J.: 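Pasting in a structure now, in structure tokens, and then I'll have a few things to ask.
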Amino acid sequence: MMVTLACRLSRTGARALGWMMTAAALYSMGTPANAQTAPGVTLACPSPTSSGVTANLSTAAGTWETSGDGGAWVSAAAYQHPAWTSTPPAIWIGAVTGTSFTAVDYRVMVNAADPYIDLASATVTYNYRVDNTVSGVTFNSAALTSSPSTTYNSASPYSSASQSVPLTRDANNVLTFHTTNAGNPWGLVANVTLTYNCVPPVVAPVPADAPWALLSLSGLMLAAVGFAARRRRRH
């Protein structure tokens with residue numbers, strides 16, 4: 001009987017292991033296209049009440065990522081074609097060789113997990129040049145302003161006014177520039193500033209009838225009774 005039980009347990013363990021391996025394989029098959037390959041930018045509050053804090057989200061190799069024609073995201077590389085106009089202090093990211101994409105997306109991930117960040121206060125401004133055109137700009141699910149007429153050698157970059165953006169308290173915030181491309185080379189240069197305030201986290205009041213609060217009160221009362229009893233015994 002012990003042998004039979006051991007065999008059953010062995011078969012159960014093998015099945016569980018098989019399920020875990022299958023789930024892991026399916027997960028890995030479904031995530032590469034959206035997997036983050038660059039560290040992005042992490043926001044932080046210098047103090048709990050700082051205001052007008054700025055974060056530089058400008059295009060840079062190793063911080064931004066690119067995706068051609070809906071393919072996997074890869075860490076962006078610095079590249080500037082001789083015909084492209086510099087737009088300092090940001091640097092151009094892109095490529096001149098490889099697949100000639102018809103659509104290229106550029107993104108930077110933003111970590112806003114700091115508990116002191118006032119999420120509702122976040123705004124963004126930017127200016128850019130691009131090869132060939134920007135078809136849209138988004139921050140998470142919010143559409144931001146852009147100009148399809150701005151190109152890599154426009155007399156001046158497109159500049160946006162300050163726009164509110166929907167920050168969430170995690171590392172999954174993302175600013176994305178969606179562009180169209182008419183053949184190699186392709187690239188984007190964007191000066192981006194995100195501004196936010198800091199506030200102390202709000203501590204929720206404890207309801208007077210919360211079970212654990214009542215237990216704590218009972219514990220204090222028992223401790224007081226015990227202390228009084230010990231004092232009587234001493235006297």
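On a predicted model such as this, the values are computed, not experimentally measured, just so you know.
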J.: Identify, with sequence neighbours excluded, every residue that meets side-chain hydrogen bond (donor to acceptor under 3.5 Å, both in side chains) alongside Asp114.
T.: none
J.: Not counting sequence neighbours, list each pair that qualifies as a side chain to side chain donor-acceptor pair (under 3.5 Å) and has a residue in residues 188-198.
T.: Asn127-Asn191
J.: With a 3.5 Å distance limit and no angle check, can you tell me whether Ser160 reaches the backbone of Tyr126 through a side-chain donor-acceptor pair?
T.: yes
J.: Could you check whether the rings of Phe177 and Trp64 sit parallel, tilted or perpendicular, using 30° and 60° as the cut-offs?
T.: tilted
J.: Is NZ or CZ of Arg129 both nearer than 6.0 Å to the six-membered ring centre of Trp84 and within 45° of the ring axis?
T.: no
J.: Could you report the tightest heavy-atom contact between Gln36 and Arg107, atom names first, then the distance?
T.: CA-NH2, 3.7 Å
J.: Provide the closest heavy-atom pair for Ile91 versus Thr59 in the form atom of the first, atom of the second, distance.
T.: O-OG1, 2.7 Å
J.: Should Arg169 and Leu119 count as side-chain neighbours, where that means a heavy-atom distance under 4.5 Å?
T.: yes
J.: Of the non-hydrogen atoms in Thr125 and Ser162, which two are nearest, and what is the gap between them?
T.: CG2-CA, 3.4 Å
J.: Apply the side-chain contact (heavy atoms from CB on, under 4.5 Å) test between Phe101 and each candidate in Asp69, Thr180, Thr179; give the one that qualifies.
T.: Asp69
J.: Quick one: pull up CD in Gln80 and OG1 in Thr85 and give me the separation to the nearest 0.5 Å.
T.: 8.0 Å
J.: Count I, L, V, M, F, W, Y as connected when their side-chain heavy atoms are under 4.5 Å apart, and connections chain through other members. Are Tyr152 and Val130 then in the same cluster?
T.: no
J.: Closer than 3.5 angstrom, by distance alone: can the side chain of Asn184 be matched with the main-chain N or O of Gly98 as a donor-acceptor pair?
T.: yes
J.: Linking I/L/V/M/F/W/Y whenever their side-chain heavy atoms sit closer than 4.5 Å, directly or via other members, would Trp186 and Val137 fall into one cluster?
T.: yes
J.: Would you say Tyr106 and Ile93 make side-chain contact, with heavy atoms under 4.5 Å?
T.: yes
J.: For the residue pair Ser75 and Ala38, what are the closest heavy atoms and their distance?
T.: OG-CB, 4.2 Å
J.: Please check: side-chain N/O of Thr63 versus main-chain N/O of Ala60, any donor-acceptor pairing under 3.5 Å?
T.: no
J.: Do Pro48 and Cys198 come close enough that some side-chain heavy atom pair is under 4.5 Å?
T.: no
J.: Within this structure, what is the CG-CE distance for the pair Asp170 and Met109, rounded to the nearest 0.5 Å?
T.: 8.5 Å
J.: Can you list everything that forms a side-chain contact (heavy atoms from CB on, under 4.5 Å) with Pro88? Sequence neighbours excluded, please.
T.: Ser86
J.: Run the side-chain contact (heavy atoms from CB on, under 4.5 Å) test against Ala182 and tell me which residues pass, sequence neighbours left out.
T.: Asn132
J.: Check the hydrophobic clustering (I, L, V, M, F, W, Y; side-chain heavy atoms under 4.5 Å; chains of links allowed) and say if Val74 and Val104 are grouped together.
T.: no
J.: Should Val189 and Val41 be regarded as members of a common hydrophobic cluster, given that ILVMFWY residues are connected when their side-chain heavy atoms come within less than 4.5 Å of each other, either directly or indirectly?
T.: no
J.: Quick one: does any side-chain atom of Thr123 pair with a main-chain N or O of Ser164 as donor and acceptor, under 3.5 Å?
T.: no
J.: Does Thr150 reach the side chain of Val134, with side-chain heavy atoms less than 4.5 Å apart?
T.: no
J.: Please lay out, stage by stage, how Leu194 and Phe139 fare under the test side-chain contact (heavy atoms from CB on, under 4.5 Å).
T.: CA-CA 11 Å; Leu194 188 142; Phe139 193 101; 3.9 Å; yes
J.: To the nearest 0.5 Å, how far apart are CG in Asn172 and CG in Leu167?
T.: 12.0 Å
J.: Go through the structure and list residues passing side-chain contact (heavy atoms from CB on, under 4.5 Å) with Ser47, not counting sequence neighbours.
T.: Thr49, Ser50
J.: What heavy-atom pair brings Ala83 and Asn153 nearest, and what distance separates the two atoms?
T.: O-CB, 4.0 Å
J.: Enumerate, atom names and distances included, each donor-acceptor pair closer than 3.5 Å involving a side-chain atom of residues 140-148, sequence neighbours excluded.
T.:
from   : atom 1 : to     : atom 2 : distance (Å)
Asn140 : OD1    : Val174 : N      : 2.9
Asn140 : ND2    : Pro166 : O      : 2.8
Asn140 : ND2    : Asn173 : OD1    : 3.0
Thr145 : OG1    : Tyr158 : OH     : 3.0
Thr145 : OG1    : Gln163 : NE2    : 3.3
Ser147 : OG     : Ser149 : N      : 3.3
Ser147 : OG     : Ser149 : OG     : 2.9

J.: Within a strict 4.5 Å, meaning less than it, do heavy atoms of the Asn56 and Val192 side chains meet?
T.: no
